[in-house]
Amino acid sequence: MDLGIRGKRALVTGGSSGIGFAIAKELAAEGAKVILASRDEAKLKKAQSEIPGAEYVTLDMGSENSIREAWGRVGEADIILLNGGGPATGLPTGIALENWDKGYHSLIRSVVLLTQLAAPAMQKKSWGRILCLTSTSAREVIPRLPVSSTFRAGLTALTKELARELGKNNILMNNLLPGPVNTERLKHLATDSPAFFEAMAKETARGRIAEPEEIAKVAAFLLSNANTFVTGTDILADGGYTKAL
């Protein structure tokens with residue numbers, strides 16, 4: 001399928017590894033001009049070398065100054081993947097307020113800021129696609145991930161509001177909620193790797209965890225011209241992992 005995004009500029013935050021990198025590769029394969037963004041320049045350079053024609057910019061989703069500086073270099077984008085990464089883990093009463101603040105800045109405030117920066121050019125062109133990469137924790141609480149659950153659930157409301165504001169200008173905005181995916185983040189969360197991964201796999205309808213490339217294909221559709229009517233909603237890409245209705 002031709003997704004109709006050849007030549008469009010795509011900013012992929014968290015694009016140096018994991019699901020973000022897989023999405024960047026998928027968009028590039030469809031002809032988009034990809035701009036990778038993350039905090040780690042060494043990882044960015046490595047990722048850039050694996051995606052022909054890609055550019056990169058250092059960007060910390062938890063820092064307003066970093067976001068504004070990076071956007072000044074990007075200029076404008078037709079497609080934006082917003083990927084704030086994984087916040088602090090632990091019990092709600094045991095996570096320092098500083099880490100709750102960091103979660104808010106990287107998962108909520110960054111989305112508001114980047115959307116405000118990107119919207120004027122998208123509105124002028126009457127075309128834009130914005131996607132927040134979140135987690136099933138937005139729909140169903142995952143133990144020891146209260147910061148993720150709290151702010152990613154908040155993104156559901158925020159995205160609905162932004163989608164209603166921007167939709168008449170053909171700017172579509174959604175949240176993509178992956179379940180367990182074979183990434184470094186999931187490995188980091190595992191205390192007993194073999195048993196942890198087996199347990200996660202058994203909870204999915206497919207009996208396995210996903211590969212980043214599988215999530216990337218869903219993201220590419222949502223960020224493309226093939227998507228003309230899906231907006232303001234949460235899309236689960238979890239292999240049947242989530243039990244909530």
Side chains of Arg68 and Leu117: closer than 4.5 Å at any heavy-atom pair? yes

Hydrophobic clusters here meaning ILVMFWY residues chained together by side-chain heavy-atom distances under 4.5 Å, can you tell me if Leu11 and Ile171 are in one? yes

What I want to find out is whether Glu98 reaches Lys102 closely enough, with some N-O distance under 4.0 Å, to be called a salt bridge. yes

Measure from the side-chain N and O atoms of Arg144 to the backbone N and O of Pro92, and report whether any donor-acceptor pair falls under 3.5 Å. no

Test side chain to side chain contact (heavy atoms under 4.5 Å, CB included) on Ser135 and Ile142; report intermediate values, then the result. CA-CA 10 Å; Ser135 164; Ile142 299 175; 4.2 Å; yes

Once you round to the nearest 0.5 Å, how far does CZ of Arg39 lie from OG1 of Thr58? 11.5 Å

Given Thr115 and Met173, is the side chain to side chain contact (heavy atoms under 4.5 Å, CB included) satisfied, shown in steps? CA-CA 10 Å; Thr115 303; Met173 184 170 183; 3.8 Å; yes

Is it true that a side-chain atom of Asn182 and a backbone atom of Glu211 form a donor plus acceptor pair closer than 3.5 Å? no

Shortest non-hydrogen contact between Leu158 and Ile108, atoms and distance: CD2-O, 4.4 Å

Side-chain heavy atoms nearer than 4.5 Å, only ILVMFWY residues, links allowed to pass through others: does that put Leu166 and Leu82 together? yes

Counting N and O atoms only, with roles assigned by atom type, does the side chain of Arg109 sit under 3.5 Å from a partner on the main chain of Tyr104, one being a donor and the other an acceptor? no

Looking only at atom types and distance, does a side-chain atom of Asp234 sit under 3.5 Å from a main-chain N or O of Asn175, one as donor and one as acceptor? no

Calculate, to the nearest 0.5 Å, the distance between atoms CD1 and CD1 belonging to Ile215 and Ile19 respectively. 5.5 Å

List the atom of Ala118, the atom of Ile80, and the distance in Å for their closest heavy-atom pair. CB-CD1, 3.3 Å

From Lys43, Lys45, Arg73, residue fulfilling side chain to side chain contact (heavy atoms under 4.5 Å, CB included) relative to Tyr56: Lys45

Heavy-atom side-chain contact between Glu26 and Lys217 under 4.5 Å: yes

Hey, is CD on Glu64 packed in by over 12 heavy atoms from elsewhere, all under 6.0 Å? yes

Between Ser16 and Asp40, a side-chain donor and acceptor under 3.5 Å: no

Sequence neighbours excluded, which residues qualify as side-chain contact (heavy atoms from CB on, under 4.5 Å) partners of Val230? Asn174, Leu222, Asn227, Thr233, Ile235

Find the distance between CG (Leu155) and CG (Leu107) and round it off to the nearest 0.5 Å. 7.0 Å

Identified side-chain hydrogen bond (donor to acceptor under 3.5 Å, both in side chains) partner of Glu76 from the options Lys125, Arg9, Lys124: Lys125

Could you state the interatomic distance from CG (Leu36) to CD1 (Ile51), rounded to the nearest 0.5 Å? 5.0 Å

Does Leu177 belong to the same Ile/Leu/Val/Met/Phe/Trp/Tyr cluster as Val181, with side-chain heavy atoms less than 4.5 Å apart forming each link? no

Hydrophobic cluster identity match, Leu176 and Phe21, side-chain contacts under 4.5 Å: yes

Short side-chain to backbone donor-acceptor contact, Lys8 and Ala32, under 3.5 Å: no

If you group Ile, Leu, Val, Met, Phe, Trp and Tyr by side-chain heavy-atom gaps below 4.5 Å, do Ile95 and Leu145 land in one group? no

Any donor-acceptor pair under 3.5 Å linking the side chain of Thr13 with the backbone of Leu81? yes

Smallest separation among heavy atoms of Ser63 and Ser66, with atom names: OG-N, 3.1 Å

Lys33 and Glu55 ion-paired at < 4.0 Å: no

Would you say that more than 12 heavy atoms from the other residues, nucleotides or ligands in this model lie under 6.0 Å from the CD of Glu50, or not? yes

If every non-hydrogen atom of Leu133 is compared with every non-hydrogen atom of Pro178, which pair is closest and at what distance? CD1-CG, 3.6 Å

Shortest non-hydrogen separation from His105 to Gly62 and the atoms involved: CB-O, 3.8 Å

Look at Glu214 together with Arg208 and state whether they make a salt bridge at an N to O cut-off of under 4.0 Å. yes

If we ignore hydrogens and angles and just use 3.5 Å, is the side chain of Lys243 paired with the main-chain N or O of Tyr241 as donor and acceptor? yes

Pairing residues for Asp101 by the side-chain contact (heavy atoms from CB on, under 4.5 Å) criterion, not counting sequence neighbours: none

Side-chain donor or acceptor of Ser224 paired with backbone N/O of Phe221 under 3.5 Å: yes

When the ring planes of Phe151 and Trp100 are compared, do they come out parallel, tilted or perpendicular, using 30° and 60° as the limits? perpendicular

Locate the shortest heavy-atom distance separating Pro87 from Val147; write the atom from each residue and the value. CB-CG1, 3.7 Å

Using modelled atom types only, decide if a donor and an acceptor are shared between the side chain of Thr204 and the backbone of Ala201 within a distance under 3.5 Å. yes

Working for side chain to side chain contact (heavy atoms under 4.5 Å, CB included), residues Asn169 and Met122: CA-CA 8 Å; Asn169 295 111; Met122 289 182 175; over 6 Å; no

Distance from Arg164 atom CZ to Thr159 atom OG1, nearest 0.5 Å? 13.5 Å

Stepwise, does the side chain to side chain contact (heavy atoms under 4.5 Å, CB included) test hold for Val12 with Asn83? CA-CA 8 Å; Val12 180; Asn83 177 14; over 6 Å; no

Sub-3.5 Å donor-acceptor pair from the side chain of Glu140 to the main-chain atoms of Ala244, do we have one? yes

Spacing of Thr231 atom OG1 and Lys160 atom NZ [to the nearest 0.5 Å]: 9.5 Å

